[in-house]
Visitor: 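So that we are looking at the same thing, I have put the structure below in structure tokens.
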Amino acid sequence: LNNTKRMIGEIAREIKEHKAGDRYHNEIPRSIKLGELTAPTANWKELLRQFIGKNGSSEYKWNQPNKRALAAGYYAPRLKPVKDSLDIVIAIDTSGSIPNSIVLRFLTDAMHINKAFKSTIRVLLYNDSVTADIEISYKRSDAAIIADINKVMAKAHSGGNNEPCIKKYLADKGIKKLNGFVLFTDGYIQESPDLPIAKHYMFFLPKGGSSNIVKRYGPSYIVDVN
């Protein structure tokens with residue numbers, strides 16, 4: 001709220017100065033970024049929680065009835081999450097545009113969110129190539145996962161961003177299709193990125209990022225990880 005008030009104050013001041021110049025009275029100064037004011041910051045934790053819950057692999061258990069179906073007068077199987085699924089991948093752009101502190105916070109929060117589902121997801125850090133492949137599993141201790149994260153963070157930020165390397169890396173691992181793919185990037189990527197094949201996509205962008213390209217492929221959200 002305070003940030004919005006500050007931006008409105010800056011807009012009012014710039015418009016006043018703009019008009020004082022006796023030019024373009026009916027235009028808004030180009031320096032004003034209305035997109036930053038009108039684009040709300042999304043609750044990324046809740047969005048990621050919903051995404052994992054919706055796209056995690058599931059199986060039907062016929063010997064365990066769906067209680068809601070029984071209450072409605074018919075028998076239906078219970079949908080139970082399959083543990084140890086690697087069908088959801090989170091890729092994080094570490095080319096230098098997103099600070100280490102933001103990446104670390106995103107990873108640790110994603111770790112806690114995923115543990116509630118008792119499943120396993122794969123997190124890839126990438127720039128010119130995939131630099132780290134981290135398994136976030138409910139079976140592993142927080143300390144072990146954080147140790148893996150810290151091990152790769154020091155060398156993660158370098159080079160440019162090359163999204164097609166993610167698809168190739170996964171294909172080399174025998175993974176050609178995903179239930180869900182999440183990309184955390186500033187959005188300044190290739191015009192036509194060759195993303196991994198997935199049933200559903202979601203894109204997170206830090207403040208100042210651009211959704212012009214990624215919004216073509218799925219829902220994109222401006223997030224404040226801090």
Visitor: Are the side chains of Thr108 and Asp142 in touch, meaning some heavy atoms are under 4.5 Å apart?
Guide: no
Visitor: If you measure from the Lys or Arg side-chain nitrogens to the Asp or Glu carboxylate oxygens, is any gap between Lys177 and Asp87 under 4.0 Å?
Guide: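 No, Lys177 and Asp87 are not salt-bridged.
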Visitor: Would you say Thr131's side chain and Leu125's backbone share a donor-acceptor pair under 3.5 angstrom?
Guide: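 Present.
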Visitor: Quick one: closest heavy-atom pair of Leu48 and Ala110, and the distance?
Guide: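 Heavy-atom minimum between the residues: CD2-CB, 3.9 Å.
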Visitor: Could you check whether any side-chain heavy atom of Tyr217 comes within less than 4.5 Å of a side-chain heavy atom of Phe203, counting everything from C-beta outward?
Guide: yes
Visitor: Contact between Leu47 and Asn43 at the side-chain level, heavy atoms closer than 4.5 Å - yes or no?
Guide: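 When only atoms from C-beta onward are counted, Asn43 and Leu47 do not touch, as no gap falls below 4.5 Å.
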Visitor: Checking side chain to side chain contact (heavy atoms under 4.5 Å, CB included) between Ser210 and each of Val214, Ile213, Asn212, which is the one that passes?
Guide: Asn212
Visitor: Could you check whether any side-chain heavy atom of Tyr126 comes within less than 4.5 Å of a side-chain heavy atom of Thr94, counting everything from C-beta outward?
Guide: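 Result no, sub-4.5 Å side-chain heavy-atom pair not found.
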Visitor: Hey, what do you get for CG (Leu183) to OG (Ser220), rounding to the nearest 0.5 Å?
Guide: 11.0 Å
Visitor: Would you compute the distance between atom CH2 of Trp44 and atom CE of Met202 and round it to the nearest 0.5 angstrom?
Guide: 9.5 Å
Visitor: Strictly below 4.0 Å, N to O, side chains only: are Lys168 and Glu163 in salt-bridge contact?
Guide: no
Visitor: Are the side chains of Arg122 and Ile88 in contact, using a 4.5 Å heavy-atom criterion?
Guide: no
Visitor: Roughly how far apart are Glu46 CD and Gln50 CD, rounded to 0.5 Å?
Guide: 4.5 Å
Visitor: Which atom pair, heavy atoms only, marks the closest approach of Gln190 to Pro164?
Guide: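 The answer is NE2-CD, 3.7 Å.
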Visitor: Is there side-chain contact between Ile90 and Ile136, with heavy atoms separated by less than 4.5 Å?
Guide: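 In short, these two side chains do not touch, never coming nearer than 4.5 Å.
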Visitor: CE of Met111 to CG of Asp148: how many Å apart, nearest 0.5 Å?
Guide: 11.0 Å
Visitor: Find out whether Val182 and Phe51 are in side-chain contact, i.e. whether some heavy atom of one side chain is under 4.5 Å from a heavy atom of the other.
Guide: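 SC-SC contact between Val182 and Phe51 confirmed.
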Visitor: Are Tyr188 and Leu205 connected into the same hydrophobic cluster when the rule is that any two of I, L, V, M, F, W, Y join if their side-chain heavy atoms are below 4.5 Å apart?
Guide: no
Visitor: Nearest 0.5 Å please: distance from the CZ atom of Phe204 over to the CD1 atom of Ile92.
Guide: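 Between atom CZ of Phe204 and atom CD1 of Ile92 there are 10.5 Å.
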Visitor: Would you sort out whether Leu170 and Lys176 count as a side chain to side chain contact (heavy atoms under 4.5 Å, CB included), showing the intermediate values?
Guide: CA-CA 7 Å; Leu170 292 173; Lys176 296 184 178 180; over 6 Å; no
Visitor: If Ile, Leu, Val, Met, Phe, Trp and Tyr residues are connected whenever their side-chain heavy atoms lie under 4.5 Å apart, and connections chain through other members, are Tyr169 and Ile197 in the same group?
Guide: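 Result: no, two separate clusters.
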Visitor: Ignoring hydrogens and geometry beyond distance, is a side-chain donor-acceptor pair present between Ser119 and Asn114 at under 3.5 Å?
Guide: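 A pair is found: one side chain offers a donor N or O, the other an acceptor, under 3.5 Å apart.
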Visitor: Output the distance between atom CG (Leu178) and atom CD1 (Ile166), rounded to the nearest 0.5 Å.
Guide: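 These two atoms lie 10.5 Å from each other.
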Visitor: If you look only at pairs with a residue in residues 194-204, which of them pass as a salt bridge (Lys or Arg N to Asp or Glu O under 4.0 Å), with sequence neighbours excluded?
Guide: Lys167-Asp194
Visitor: Which residues pass the ring pair (Phe, Tyr, Trp, His ring centres under 6.0 Å) test with Phe184, not counting sequence neighbours?
Guide: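 Result, ring pair (Phe, Tyr, Trp, His ring centres under 6.0 Å) vs Phe184: Phe106.
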Visitor: So His200 and Pro219, do their side chains get closer than 4.5 Å, heavy atoms only?
Guide: no
Visitor: Do NZ/NE/NH1/NH2 and the carboxylate oxygens of Lys173 and Asp133 come within less than 4.0 Å?
Guide: no
